[in-house]
Amino acid sequence: MPATAVIGTQWGDEGKGKIVDLLAADADMIVRYHGGNNAGHTLVVAGEKTILNLVPAGVLHPGKVCVMGPGMVVDPDVLIREIDALKARGYLADDRWLRLSDQAHVILPYHRAIDRARERMREAGAIGTTGRGIGPAYEDKMARTGIRVGDLFDEAGFRDALGRSLREKNEYLQALLGEKPFEAADIIEMARGWRHRLAPYVTDAGAEVRAAIGDGKRVLLEGAQGMLLDVDHGTYPYVTSSNCVAGSASAGAGIPPQAIGRVVGIAKTYTTRVGGGPFPTELDDALGERLRADGDEYGATTGRPRRCGWFDAVVVRHAIALSGVDGIAFTKLDVLTGMDPIRVCVAYEIDGTRHVMPPATQRGWARATPVYEDLPGWTEPLGAVRALGDLPANARRYVEFLTKAVGAPMAILSIGAGREQTIRLRDVF
Ligand code: GDP
């Protein structure tokens with residue numbers, strides 16, 4: 001039974017948390033394969049809100065195995081707090097339901113300090129990072145100076161690796177960033193606590209995922225962020241520090257590419273992005289304000305207001321092309337109730353030429369202006385709709401238009417934050 005990957009097709013915050021929670025009901029194992037606590041998924045089940053930053057969004061289903069894969073970067077304090085909060089509410093009753101890869105990289109206090117200090121120095125050119133050390137931890141991974149979860153369990157080795165890393169980091173922090181240095185002893189002491197708390201979960205996670213697939217288990221691969229934030233294929237440099245394409249699920253979870261059988265793309269029925277960078281369909285006016293208010297478009301953990309705009313079929317098409325999306329889950333259609341007309345960007349015009357796929361360079365993005373088609377709106381609230389046929393005619397026309405514009409079939413339509421506010425059109429396993 002091949003795995004199903006779930007990816008964001010825009011700039012993140014598409015509602016992946018809700019959709020993964022929903023699909024997790026039919027899965028045996030849910031694997032996060034990249035990113036860290038720069039992701040914030042909001043789940044609403046029976047009116048109760050849960051925000052997850054590291055633990056996969058299958059955790060609200062008892063008995064499902066949630067795996068944090070080798071491609072992730074993990075802040076141990078954040079993970080421990082998240083585990084405690086979930087346990088306090090009766091989730092994760094069995095430690096075997098949570099697995100943490102010994103190959104995942106550890107976010108250490110100096111990564112956070114570097115992240116924040118650099119973002120402050122960039123000022124106007126800020127990328128809009130979450131300041132949680134994700135970028136610097138991935139940099140260390142690629143520079144081969146990172147510390148992995150498994151290293152925490154070898155105190156002598158950890159001490160040596162930390163000492164080497166700190167010599168460089170402290171110099172950088174003090175001389176270039178004007179920050180205070182870190183004491184190795186303090187971090188070694190912290191690591192003792194982490195080791196003790198995380199030991200029940202740490203494992204060769206890739207091997208466990210491969211074994212589950214081999215045993216015919218249904219595995220869901222949970223993407224974080226979105227396609228346009230992919231470090232190679234997104235709006236570089238305004239991107240995240242990992243790959244978000246479905247292809248990266250293979251490396252990040254430790255499974256062969258053939259093991260991924262299906263890809264579900266999540267697309268919000270309008271567009272948002274957080275932080276700097278290109279956003280051709282952005283609305284800087286009262287309509288954008290209204291989308292932000294009605295869609296509650298504020299970062300799940302940072303509270304940062306999201307930039308809002310019309311649906312951009314160009315970026316979603318790009319995501320579908322790169323990730324081989326088999327079906328789309330469209331979310332937040334309910335938020336568009338009362339807007340009329342509703343605009344959809346079907347192409348970009350760049351220097352007088354029409355493009356149906358996005359440019360690859362910053363220069364191209366800066367010159368892209370959206371080509372819109374206007375569709376009539378509707379006024380009825382959609383939260384109680386449970387079948388496509390019960391949608392107001394214009395709402396149905398709108399999602400059908402989006403489906404055609406992006407070129408992939410609709411698998412799911414979400415018309416509210418609740419698990420039950422969902423119309424399922426196709427099986428995704
Ligand atoms: P993620 O990071 O992709 O999981 O997205 P976020 O959790 O940051 O943002 C999605 C937000 O929208 C969350 O607060 C969800 O509860 C909410 N949400 C998801 N689907 C819908 C929907 O169809 N309608 C409405 N109104 N809210 C939704």
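All ligand and atom numbering here is 1-based and tracks the order in the structure.
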Would you check whether R306 has a nitrogen or oxygen atom less than 3.5 angstrom from a nitrogen or oxygen atom of ligand 1? yes
Answer with yes or no whether the side chains of H41 and E222 bring together a donor and an acceptor at under 3.5 Å. yes
Whether G40 lies under 4.0 Å from ligand 1, heavy atom: yes
What protein heavy atom lies closest to atom 27 (N) of ligand 1? Include the residue and the distance to one decimal. K332 CE, 3.4 Å
Check this for me: does any side-chain nitrogen of one of E119 and R116 sit under 4.0 Å from a carboxylate oxygen of the other? no
Give me the one residue out of L43, D21, N37 that meets side-chain contact (heavy atoms from CB on, under 4.5 Å) with L52. L43
Under a 4.0 Å N-O cut-off, is there an ion pair linking R120 with E179? yes
In this structure, atom 24 (N) of ligand 1 is nearest to the protein heavy atom D334 OD1, 2.8 Å
Pairwise side-chain contact, D334 with Q421, heavy-atom cut-off 4.5 Å (strictly under): no
May I have the list of side-chain donor-acceptor pairs in residues 373-384 shorter than 3.5 Å, sequence neighbours left out?
from : atom 1 : to   : atom 2 : distance (Å)
D374 : OD1    : R343 : NE     : 2.8
W378 : NE1    : T337 : OG1    : 2.9

Taking the six-membered ring for Trp and the full ring for Phe, Tyr or His, determine whether the centres of W11 and F279 are under 6.0 Å apart. yes
Is ligand 1 less than 4.0 angstrom away from at least one heavy atom of G416? yes
Hey, is R396 close enough to E400 for a salt bridge, meaning N to O under 4.0 Å? yes
Residue portion contacting ligand 1 (non-hydrogen atoms closer than 4.0 Å) for E222: neither
Is it the side chain, the backbone, both or neither of K18 that has a heavy atom closer than 4.0 Å to ligand 1? side chain
Please say whether V44 places an N or O atom under 3.5 Å from an N or O atom belonging to ligand 1. no
Distance-only N or O hit between ligand 1 and S414, under 3.5 Å: yes
Nearest-neighbour protein heavy atom for atom 2 (O) of ligand 1, which is reported as residue plus atom name and distance: H41 ND1, 3.1 Å
For atom 13 (C) of ligand 1, what is the closest protein heavy atom, and at what distance to 0.1 Å? T42 CB, 3.4 Å
G15-ligand 1 polar pair, N/O distance under 3.5 Å: yes
At a 4.0 Å threshold, what atoms of ligand 1 neighbour a non-hydrogen atom of I415? 23 (O)
Indicate the ring-plane relationship of F182 and Y110, choosing parallel, tilted or perpendicular according to the 30° and 60° boundaries. perpendicular
One residue to check: D13. Relative to ligand 1, which of side chain, backbone, both or neither has a non-hydrogen atom less than 4.0 Å away? both
Among Q225, K268, K49, K16, which one has a heavy atom closest to atom 3 (O) of ligand 1? K16
Any side-chain heavy-atom pair from R386 and I415 closer than 4.5 angstrom? yes
How does L43 reach ligand 1, if at all, at less than 4.0 Å between non-hydrogen atoms: by side chain, backbone, both, or neither? neither
